[in-house]
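Before any comments, here is the structure.
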Amino acid sequence: MPEWLDVVVRSVLFVIFLFFVTKALGKKQIAQLSLFEYITGITIGSIAGESIMGLDGNIFLGVLGIGIVAFIPFLGGLISLKSKKFRDFTEGKGTIFIKDGKVLEDNLKKERYTVDEMLGLLRNKDIFQVSDVEYAVLEATGDLSVMLKKENQPLTPKDLNMKVASIKEPQTVIMDGKILDEPLATIGHSRGWLKTELEKLGVTIENVFIGQVNSYGELTVDVFDDKLQVPSPQERPLMLSTMKKCQADLELFALATEDKDAKQLFEKNSEKLQKAIDQVTYILKS
């Protein structure tokens, strides 16, 4: 076999093999490398490179070496699941940088972080004043987790005793101008329903780049032509407006009639409808 072809064959084989090895080690191997896993990755890459270019060597020994090196973090992961001490040793523990609003300078020195580096991590969290922070910890992955002081935390509907509608993840039913039947079936709709909704918006399936159905069952689309303005769904606001109009009409009927029984009936139903409006406004309001 020619030398160049031998290199091609070895390269393809090791790329495939390393793919399955990395996949077996889990997503964390890619997303969050610990020191232990970082060393493993370098070692595997070195063995693979030597095996690919070392034409006089035995390719089986390279595969064996990678298998052994890959098995070590796999075994370490199993031990980590059962032993916190071992997990803390191999993966590390978080280091507190700010506690009770005060910077712990000794911990900064311990992790070899300068004040500028800490401020940079805070700015990445959109925090520009250390005095706004109650607690901050440098995680083992190198990320800074921050808890703001109570007075600096953003308000939530719960803080204001406001009711908000629950939401679910949107289902993508159109992608690149093609209908995706599986997510469409998941929300209990058919292609006929989808085509009807597209007609309401005045677009065709072929012109839709992405189409999603939200938790209210409303279809929103993004079209290929960025200059084309597609109206947002109006079913909920229209329903709220209709309910308010009906309630106002009942009040007018109650004021206009001289029949005592009819007046009481109109007023009673007007109050019932107003209570219903109060209960669903946070859902129907756009």
Side-chain angles (χ1 to χ4, degrees), residues 126 132 147-175 177 179-286:
D126 296 325
D132 292 340
M147 182 177 73
L148 293 172
K149 291 180 179 178
K150 188 66 176 179
E151 62 270 20
N152 296 316
Q153 294 177 9
L155 286 174
T156 64
K158 184 178 179 181
D159 296 327
L160 301 175
N161 293 320
M162 291 175 56
K163 288 185 177 180
V164 293
S166 60
I167 58 173
K168 297 180 180 179
E169 73 281 2
Q171 294 290 334
T172 302
V173 295
I174 303 175
M175 188 178 293
I179 297 176
L180 305 180
D181 290 310
E182 185 176 343
L184 192 60
T186 300
I187 56 178
H189 289 307
S190 64
R191 287 191 170 213
W193 173 87
L194 184 58
K195 291 178 180 178
T196 301
E197 294 300 311
L198 288 172
E199 289 175 0
K200 293 179 182 178
L201 297 175
V203 296
T204 61
I205 292 176
E206 294 75 16
N207 293 330
V208 177
F209 178 54
I210 296 177
Q212 293 183 311
V213 178
N214 61 24
S215 56
Y216 301 109
E218 298 169 335
L219 177 67
T220 57
V221 299
D222 181 87
V223 295
F224 286 105
D225 187 358
D226 294 332
K227 295 180 181 179
L228 182 63
Q229 297 293 326
V230 180
S232 58
Q234 296 296 320
E235 286 84 354
R236 285 183 293 133
L238 285 174
M239 184 179 294
L240 182 60
S241 298
T242 302
M243 292 176 68
K244 288 182 177 180
K245 184 179 183 303
C246 291
Q247 191 272 336
D249 288 341
L250 287 171
E251 286 185 346
L252 288 175
F253 295 155
L255 293 172
T257 184
E258 295 180 358
D259 188 302
K260 187 176 180 180
D261 292 335
K263 184 184 289 287
Q264 289 179 347
L265 181 63
F266 288 139
E267 289 177 347
K268 183 178 180 181
N269 285 288
S270 175
E271 291 174 359
K272 286 184 177 179
L273 188 53
Q274 183 59 54
K275 288 180 180 178
I277 291 173
D278 293 339
Q279 291 176 351
V280 299
T281 295
Y282 71 96
I283 298 176
L284 299 180
K285 193 174 181 180
S286 59

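Note: hydrogens, waters and symmetry copies are ignored here, and every other heavy atom, side chains too, is used.
- For the pair His189 and Leu194, the minimum side-chain heavy-atom distance is 4.5 Å or more.
- In terms of heavy-atom proximity, Glu206 sits nearest to Phe224 at O-CE1, 3.5 Å.
- Scanning all heavy atoms of the two residues, the minimum distance from Gln171 to Ile187 falls at CG-CG2, 3.4 Å.
- Side-chain contact between Val173 and Trp193 is absent, with no heavy-atom pair separated by less than 4.5 Å.
- Residues passing the salt bridge (charged side-chain N to carboxylate O under 4.0 Å, His left out) test with Asp222: none are found, sequence neighbours excluded.
- Inter-residue side-chain proximity for Ile277 and Leu240 is flagged as met; some heavy-atom pair is nearer than 4.5 Å.
- Rounded to the nearest 0.5 angstrom, Arg236 CZ and Asn214 CG are separated by 6.5 Å.
- Listed by first and then second residue, the side chain to side chain donor-acceptor pair (under 3.5 Å) pairs involving residues 149-161 are Asp132-Asn152, Thr156-Asp159 (not counting sequence neighbours).
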Evaluate side chain to side chain contact (heavy atoms under 4.5 Å, CB included) for Lys200 paired with Leu219, printing each intermediate quantity in order. CA-CA 10 Å; Lys200 293 179 182 178; Leu219 177 67; over 6 Å; no
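- Atom CD1 of Ile179 and atom CG of Leu198 lie 7.5 Å apart (nearest 0.5 Å).
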Would you mind writing out the side-chain donor-acceptor pairs for residues 246-255 within the sub-3.5 Å range, not counting sequence neighbours?
| residue | atom | partner | partner atom | Å |
| --- | --- | --- | --- | --- |
| Gln247 | NE2 | Glu251 | OE2 | 2.8 |
| Gln247 | NE2 | Ser270 | OG | 3.0 |
| Asp249 | OD2 | Lys245 | NZ | 3.1 |

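- The line from CD of Gln264 to CD of Glu267 is 7.5 Å long, rounded to the nearest 0.5 Å.
- Heavy-atom neighbours of Met147 CE from other residues, nucleotides or ligands within 6.0 Å: above the threshold of 12.
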For Asp225 and Asn207, what are the C-alpha separation, side-chain angles and deciding distance, and is it a side chain to side chain contact (heavy atoms under 4.5 Å, CB included)? CA-CA 8 Å; Asp225 187 358; Asn207 293 330; over 6 Å; no
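- Summarising the geometry, atom NZ belonging to Lys272 is positioned 14.5 Å from atom CD belonging to Gln274; distances are rounded to the nearest 0.5 Å.
- Here the CG-CG distance, from Leu273 to Asp278, works out to 9.5 Å after rounding to the nearest 0.5 Å.
- Nearest heavy atoms, Val208 versus Gly211: CG1-N, 3.8 Å.
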